[in-house]
Number of protein chains: 2
Amino acid sequence: MSMELENVLIAKQVNPTAVRLLVLEYLLKQKAAISLSDLETELHRADRVTLYRTLKTFEEKGIIHTIKDGTEVTKYALCQDECNNGLHSDMHIHFYCTNCKELYCLPKVQIPKLNLPDDFNLQEMSLVARGICKNCKK
Amino acid sequence: MSMELENVLIAKQVNPTAVRLLVLEYLLKQKAAISLSDLETELHRADRVTLYRTLKTFEEKGIIHTIKDGTEVTKYALCQDECNNGLHSDMHIHFYCTNCKELYCLPKVQIPKLNLPDDFNLQEMSLVARGICKNCKK
DNA sequence: TTGGTGATGCAACTCAATTGCATTCATTTT
DNA sequence: AAAATGAATGCAATTGAGTTGCATCACCAA
Ligand SMILES: [Mn+2]
Ligand SMILES: [Mn+2]
Ligand SMILES: [Zn+2]
Ligand SMILES: [Zn+2]
């Protein structure tokens with residue numbers, strides 16, 4: 001449990017408990033978004049509900065964001081920019097690989113403009129691209 | 001149960017039973033996508049599972065498409081173009097109104113181009129816009 | 001040391017989606 | 001007309017993710 005990790009949580013106004021540090025550490029290692037089940041498998045010592053509430057807290061405090069990718073399970077990934085207290089400013093698209101079933105955040109891909117009819121008031125959008133990821137393509 | 005409806009089903013190779021005709025009739029009346037619960041409420045005589053399987057059949061035969069809009073329930077709407085046997089060619093975006101909670105198909109809105117890195121092989125994308133619909137805006 | 005607050009664990013519940021199986025219905029075959 | 005066949009339907013039950021309630025535990029302050 002490094003000091004680094006603790007400071008991340010403290011900066012986000014989250015009490016750095018043992019479970020939370022482990023969850024954060026795991027999240028930092030990931031290249032793709034994770035599910036609650038993933039977390040459960042990794043941290044088998046902690047209770048499922050505790051992990052669930054940890055994710056909820058992280059999300060509320062702007063540490064992670066949730067992604068509904070069209071599969072049956074919700075995914076979670078670390079936020080890129082500065083998100084705080086439920087205000088998520090890290091809008092970006094996601095890529096779901098139909099081969100390895102992994103979901104990747106693509107913060108560098110420009111979010112496309114939408115030409116909606118004038119009578120629709122756009123507030124936000126979620127874009128999930130599907131296909132083959134770079135790892136599976138080779 | 002008009003002849004028209006029957007022919008729609010027959011053209012899609014679906015046996016035009018009473019329940020199926022009622023489901024199709026209901027779908028045709030809708031301006032927004034529906035859920036299984038909606039259908040259950042409307043056709044209270046038919047069993048939930050029958051309605052569920054009807055939707056599945058319709059989807060397989062290219063009569064409707066399913067939409068996961070990020071809410072907890074799956075939505076269904078009639079296909080626009082010619083879709084057949086699970087091959088859905090009616091790619092379009094969807095608009096979820098945060099006020100009336102309705103989900104609208106927007107087949108006329110151009111699907112934006114994505115500038116993915118070369119090492120990602122894009123096959124399809126799902127885009128759900130969220131905001132206020134034209135009915136709620138007035 | 002004690003009191004209080006937040007974190008955790010365990011049990012139970014909700015709800016959409018799904019499956020198994022028996023029954024009914026429609027159509028064809030004998 | 002009766003029997004057989006396969007599809008469609010209804011009912012019961014299960015799955016699995018997500019969620020809530022409540023008791024207990026850990027930690028810090030008074
Ligand atoms: Mn992301
Ligand atoms: Mn649609
Ligand atoms: Zn992949
Ligand atoms: Zn609306």
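Naming convention: chains lettered A, B, ... in sequence-line order (proteins, then strands); numbering from 1 in each chain. Predicted, not measured: the structure shown is a model, and the values here were computed from it.
- Sorted by first and then second residue, the salt bridge (charged side-chain N to carboxylate O under 4.0 Å, His left out) pairs involving residues 99-118 of chain B (not counting sequence neighbours) form an empty list.
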Original post:
In the 5'-to-3' direction, what one-character label does each nucleotide of nucleotides 11-24 of chain C receive under the scheme B = base within less than 4.0 Å of a protein heavy atom, S = sugar-phosphate only, - = no such atom?
Top reply: B----SSBBBB---

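- Residues that satisfy the side-chain contact (heavy atoms from CB on, under 4.5 Å) test with A/Arg48, not counting sequence neighbours, are A/Leu36, A/Ser37, A/Glu40.
- The side-chain contact (heavy atoms from CB on, under 4.5 Å) test applied to A/Glu124 returns A/Met91, B/Arg130, not counting sequence neighbours.
- Taking the ring pair (Phe, Tyr, Trp, His ring centres under 6.0 Å) definition, one finds that B/Tyr104 meets it with nothing, sequence neighbours left out.
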For nucleotides 24-30 of chain D, print each protein N/O atom paired with a nucleotide N/O atom at under 3.5 Å, atom names and distance only.
none

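- In this structure, A/Val73 stands alone, with no Ile, Leu, Val, Met, Phe, Trp or Tyr side-chain heavy atom under 4.5 Å from its own, directly or through other members.
- Computed from coordinates, the A/Arg45 CZ to C/dT8 P distance equals 12 Å when rounded to whole Å.
- Annotation: ring pair (Phe, Tyr, Trp, His ring centres under 6.0 Å) contacts involving residues 25-65 of chain A, sequence neighbours excluded, comprise A/His65-A/His92, A/His65-A/His94.
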Could you list all N or O pairs between the protein and nucleotides 5-7 of chain C that sit under 3.5 Å apart?
from: C/dA7; atom 1: OP1; to: A/Arg20; atom 2: NH1; distance (Å): 2.6
from: C/dA7; atom 1: OP1; to: A/Arg20; atom 2: NH2; distance (Å): 3.2

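- B/Val49 shares a hydrophobic cluster with no other residue; no ILVMFWY side chain has heavy atoms under 4.5 Å from its own.
- A/Ile67 belongs to a hydrophobic cluster with A/Tyr96, A/Leu103, A/Val128, counting contacts under 4.5 Å between side-chain heavy atoms of Ile, Leu, Val, Met, Phe, Trp and Tyr, direct or through other members.
- Every residue two or more places apart in sequence or in another chain was checked for a side-chain contact (heavy atoms from CB on, under 4.5 Å) with B/Glu60, and none qualifies.
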